Peer 1: 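Questions regarding the structure given below will be posed in turn.
Count residues from 1 along the sequence. As the structure lists them, so they are numbered: ligands from 1, and atoms in each ligand from 1. From a predicted model like this one, the values you see are computed outputs, not experimental measurements.
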Amino acid sequence: MKRQPRGLPSLHLVVPLILSGLAGCIVPAHEAGAPGAAPGKAPTPEVPLLRSVAGARRIGAAVEAQRLREPALAKVLAANFNSLTPENDMKWVNVEPGPGQFSFQRGDALVAFAEQNGMRFRGHTLVWHTQLAPWVAGLPREALHAAMIRHVTNVVEHWKGRVSQWDVVNEAFADGPGGQLRADSPFTALGPTFIEDAFRAAHAADPAAQLFYNDYEIEGLGTAKAEAVYQLAQRLKAAGVPIGGVGFQMHVDPRHWPAAGVIRQNLERFAALGLSVEITEMDVPVGQIPGDHARKLEEQKRLAHDIVAACVAVSGCSGVTFWGFTDRYSWLNDPQWGALRGRGPHRPLPFDADYNPKPMAAGIAAALAGK
Ligand code: XIL
C-alpha cells in the first residue's frame with residue numbers, strides 16, 4: 001500500500017501554554033483555537049492514497065489557490081486526489097469583477113497545479129446567482145443575457161482543453177414545494193431558456209468540455225427540487241442541448257438525509273437519461289451527530305462510505321468531489337455557513353486539521369475499492 005504523506009509535523013499539534021503561566025504543559029491545538037482541530041489526538045488509520053484506489057473515477061477536492069502555498073497541504077492534496085475544483089476562484093465575482101474585465105490569475109494557478117500533478121479539473125461555476133459581480137444583477141434583460149453569454153464564452157475559452165468539466169449552471173431552482181426557478185436569481189428573469197443558452201455558449205467555446213447542471217438537496221427522490229431538476233435534464237436531453245451530466249452537491253445534513261439506497265436509485269434514473277452523474281461538493285458535518293468524538297467520526301465514516309459506495313454502484317457515476325479535504329479549511333468553519341448544519345464544530349472532511357486521514361478517509365477508500 002502506498003503510504004500517506006505525513007501531515008503537519010507533530011509539533012504543530014500541540015501549543016505550549018506559555019501565556020497561561022502553566023509552563024511545561026501542553027494543550028491540543030483545538031483548545032488553542034486551530035480551526036477544525038479535533039479534541040485529542042485520534043489514532044491515524046492506515047489509509048491508502050485515495051487516488052490509488054479510485055480507478056478511472058474522479059476523486060476530487062475543492063480548494064482555494066492561496067492554499068497551494070502551503071507545502072504540507074499541497075502534498076497531501078496531490079497525493080490523494082486526481083481532480084481539483086476551485087472553491088471560489090472561478091466564480092463570476094472573482095473572474096469578471098467588472099464588465100468585460102477578466103481576471104484569470106488565481107484560476108490559472110489552480111489549473112497549473114492540477115496539470116503538474118496529473119489531476120483533472122472540474123470548473124465551478126459559470127452561471128450562479130451567488131458570488132455574482134454586483135454590476136450584473138442590475139442589468140436590464142437583454143444586457144443581462146448578453147453579459148451571461150459573454151461571460152460563459154470568455155471563461156470557457158480561456159481554459160479550453162484544460163478544464164475538462166464545467167458546472168455551467170449552478171442552483172437555478174428554488175427550495176420548497178413549487179419546483180420553480182429561484183426568485184432570488186437575476187437569471188430567472190430571462191426565462192427557463194437561459195439554462196440551455198448557457199450550455200450552448202459553453203459548448204461552442206469548448207466542444208470537448210463536459211457540461212454539468214449542479215444543485216443541492218436533489219440527492220434524494222421525491223422532493224420538488226429533485227423532480228424539477230430531473231425534468232430539466234429530460235427536457236435538455238430531448239432538445240439536444242449539450243448537457244453531459246448532473247452534479248449532486250451532497251452537503252450532507254445528518255439530521256435529515258436520504259438513505260444511501262434512495263440516493264443510488266436517484267443517481268440511476270439520471271444516468272438512465274444518458275447523462276454522467278457526479279457527487280460534486282460532498283461534506284459530512286458531525287456537529288449534530290450524537291455521541292462523543294469517536295462516535296461522531298464512526299458515523300461520519302459510515303455516511304461517507306455509503307454515499308461513495310452508491311456512486312460506485314452506478315456505472316454512470318463518474319466521480320466524487322469533496323468540498324475541501326481538510327477540516328482546517330471548510331466553509332462550515334465559518335459560522336455563517338456552519339449554522340446551516342446546526343451546532344458545530346462540524347469537521348466535515350476526510351482529513352483532519354493537520355492533514356492526517358480520518359476514519360472518514362478510510363471509509364471512502366474502502367467504498368472506492370468496492371468494499
Ligand atoms: C462556498 C464556499 O465554500 C465559501 O468559501 C463561500 O464563502 C461561499 O460558497 N454550493 C456551492 C459552492 O455551489 O460554490 C459553495 O461554496 C457552497 C455551496
Peer 1: With sequence neighbours excluded, what pairs up with His203 under the side chain to side chain contact (heavy atoms under 4.5 Å, CB included) test?
Peer 2: Pro207, Leu211, Pro242
Peer 1: With side-chain hydrogen bond (donor to acceptor under 3.5 Å, both in side chains) as the test, pick out the partner of Tyr355 among Lys75, Glu70, Arg6, Gln4.
Peer 2: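 The option that passes is Glu70.
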Peer 1: Any salt bridge between Lys225 and Asp175, counting N to O under 4.0 Å?
Peer 2: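 Between Asp175 and Lys225 there is a salt bridge, with a charged N closer than 4.0 Å to a carboxylate O.
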Peer 1: Under a 4.0 Å heavy-atom cut-off, what residues line ligand 1?
Peer 2: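 Glu87, Asn88, Lys91, His124, Trp128, Gln131, Asn170, Glu171, Gln249, His251, Glu281, Trp323, Trp331, Trp337.
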Peer 1: Please determine whether a side-chain nitrogen of the Lys or Arg among Arg341 and Asp283 lies less than 4.0 Å from a carboxylate oxygen of the Asp or Glu.
Peer 2: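 The answer is no: the pair does not qualify as a salt bridge.
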Peer 1: With no hydrogens and no angle check, do the side chains of Gln210 and Ser276 hold a donor and an acceptor under 3.5 Å apart?
Peer 2: yes
Peer 1: Linking I/L/V/M/F/W/Y whenever any side-chain heavy atoms sit under 4.5 Å apart, do Ile279 and Val262 land together?
Peer 2: no
